[in-house]
2 protein chains.
Amino acid sequence: MSALSSQEPSPKRRIGAEKSETRALIVDVTEQVIREEGYAAASTRRVALRAGLNPSLVHYYFPSTDDLLLAVFERGAAQSDAMIAAALASNEPVRALWQFFRDDSRTALSVEFIALAIRRPAIREQISAHASAMRAQQIALFERVLGERLAQATGCSPAGLSVILAGVGRALFMEAALGVTSGHDEAIQCVEKWLDALIPSP
Amino acid sequence: MSALSSQEPSPKRRIGAEKSETRALIVDVTEQVIREEGYAAASTRRVALRAGLNPSLVHYYFPSTDDLLLAVFERGAAQSDAMIAAALASNEPVRALWQFFRDDSRTALSVEFIALAIRRPAIREQISAHASAMRAQQIALFERVLGERLAQATGCSPAGLSVILAGVGRALFMEAALGVTSGHDEAIQCVEKWLDALIPSP
DNA sequence: CGCAATGCTGAACACCAGTTCAACTAACCT
DNA sequence: AGGTTAGTTGAACTGGTGTTCAGCATTGCG
């Protein structure tokens with residue numbers, strides 16, 4: 001509920017070291033819990049239990065639950081950033097980005113954090129800022145690689161393409177998790193035909 | 001946790017009437033809570049509090065929380081079915097369906113129930129069955145209205161189109177809830193250009 | 001009028017949650 | 001060796017949750 005986090009406003013309260021092994025373990029286990037049971041199941045006590053740790057120890061490294069969730073998010077966001085940077089540097093940037101959107105493991109976390117951000121004001125700003133930054137990077141990528149060809153061939157702008165590909169990727173993931181896969185192969189085929197038409201084959 | 005619901009396996013336990021006003025109020029309030037605070041906040045006690053009712057009364061009408069959530073889902077699903085039927089009967093069925101996908105109020109519930117279904121085995125089957133049925137209806141609609149033109153113009157199948165439009169609609173909603181809207185207008189424009197090219201204007 | 005059904009309440013049980021705090025232990029630095 | 005520091009624990013407080021159940025009140029029906 002508190003708006004302040006990750007700061008040291010209180011005079012005395014001790015906080016565990018940033019580079020502790022235990023701290024890393026806690027972040028690992030929390031990410032695993034979020035993946036398997038959803039963000040709502042990621043309570044400090046549950047994490048402690050699954051990590052074989054004392055609940056208080058979790059709060060020694062992460063004073064509040066929001067601090068813990070934020071740490072998991074930041075690590076995941078850094079990984080996403082690296083994947084997008086790699087896509088940008090590859091010789092097939094657009095297709096690499098499309099593979100990024102289709103990465104289930106990444107999308108799983110991403111979807112959980114969107115849901116989380118919508119319900120947790122303390123975390124929301126960071127997540128939405130990162131989402132905006134990713135979007136901007138993707139737009140730049142499409143502009144650089146596809147240029148005018150995109151608008152001419154499809155009437156789409158780079159920004160529109162980014163929203164659509166991200167949306168399709170998330171839809172494929174969420175529906176598959178639900179157990180619904182009808183139309184998925186066809187949607188993938190459709191997008192890839194689209195990309196084929198846009199990109200000169202090497 | 002119990003696999004059986006909505007049945008009367010126990011010999012004596014009383015359950016409130018299906019057509020009770022109080023019951024309808026409970027369903028109303030639950031839907032509202034889900035919309036405003038997410039499915040995870042839809043506890044029977046919280047619903048009772050917001051409805052000004054005794055917690056036990058909620059369990060009088062809905063023995064388990066899953067029963068309550070299922071009732072909300074079923075009402076929402078029926079409304080979705082009606083909207084799709086209306087789209088099918090309209091003189092612009094494809095555009096009506098696209099508007100359905102862009103309906104924030106409907107999508108909000110839909111997204112919550114997908115998330116819910118992924119985590120609650122007792123409810124999952126009904127939700128995934130309904131999602132599959134909606135998909136089938138949409139595919140039939142696209143086949144009937146667009147026929148061969150769709151594949152010729154875009155290389156997409158009706159099933160692929162259904163997945164993509166649903167996905168874009170959900171993405172627009174989720175990102176907007178997060179506070180990210182960059183590229184949204186462009187994505188909408190892109191889809192509508194696409195539909196314009198597919199459908200002969202009257 | 002009495003009686004059964006229906007709507008509703010209060011209390012209780014067992015659980016899980018976040019968070020705090022004082023105190024224990026081990027390591028390390030000088 | 002002595003003292004500071006970091007890691008760790010146990011217990012406690014507060015509050016939310018699902019669920020049950022016996023019993024109250026009211027209504028309507030025979």
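Since we're looking at a predicted model, the values are computed, not measured. All values below come from the heavy atoms of this structure, side chains included, with hydrogens, waters and symmetry mates left out. Convention: sequence-line order gives letters A, B, ...; per-chain numbering from 1.
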Taking OH from A:Tyr39 and P from C:dA17, how many angstroms apart are they, rounded to a whole number? 15 Å

Would you mind reading off the distance between B:His59 atom NE2 and C:dA12 atom P, rounded to a whole angstrom? 18 Å

Applying ring-ring contact (aromatic ring centres under 6.0 Å, His included), name anything that partners A:His184, two or more places apart in sequence or on another chain. none

B:Phe73 meets the ring-ring contact (aromatic ring centres under 6.0 Å, His included) criterion, sequence neighbours left out, with B:Phe113, B:His130

Measure across B:Gly38 and B:Glu112 and return the closest heavy-atom pair with its distance rounded to 0.1 Å. CA-OE1, 3.5 Å

Readout for nucleotides 6-16 of chain D: B = base within 4.0 Å of protein heavy atom, S = sugar-phosphate only, - = neither; 5' to 3' it is BBBBBBB----

Using side chain to side chain contact (heavy atoms under 4.5 Å, CB included) as the criterion, list what pairs up with [X], not counting sequence neighbours.
{"X": "A:Arg50", "value": "A:Val29, A:Gln32, A:Val33, A:Glu36, A:Glu37"}
{"X": "B:Ile123", "value": "B:Asp66, B:Leu69, B:Leu70, B:Leu116, B:Arg120, B:Ile127"}
{"X": "A:Phe101", "value": "A:Leu97, A:Trp98, A:Gln138, A:Leu165, A:Ala166"}
{"X": "A:Asp104", "value": "A:Phe173"}

Mind checking what makes salt bridge (charged side-chain N to carboxylate O under 4.0 Å, His left out) contact with B:Asp81, not counting sequence neighbours? none

Just report the end-to-end axis angle for the helix from C:dC1-D:dG30 to C:dT30-D:dA1, five pairs per end, to 10 degrees. 10°

Determine which pairs satisfy salt bridge (Lys or Arg N to Asp or Glu O under 4.0 Å) with at least one residue from residues 158-182 of chain B, sequence neighbours left out, and list them in order. A:Arg135-B:Glu175, A:Arg170-B:Glu175, A:Glu175-B:Arg170

What residues in residues 27-37 of chain B put a non-hydrogen atom under 4.0 Å from any atom of DNA chain C? none

Taking only distance into account, with no hydrogens and no angle test, what donor-acceptor pairs under 3.5 Å do side-chain atoms of residues 54-63 of chain A form with protein atoms, sequence neighbours excluded?
unit_1: A:Asn54; atom_1: OD1; unit_2: A:Ser56; atom_2: N; d: 2.9
unit_1: A:Asn54; atom_1: OD1; unit_2: A:Ser56; atom_2: OG; d: 3.3
unit_1: A:His59; atom_1: ND1; unit_2: A:Pro63; atom_2: O; d: 2.9
unit_1: A:His59; atom_1: NE2; unit_2: A:Thr44; atom_2: OG1; d: 3.1
unit_1: A:Tyr61; atom_1: OH; unit_2: A:Ser20; atom_2: OG; d: 3.0

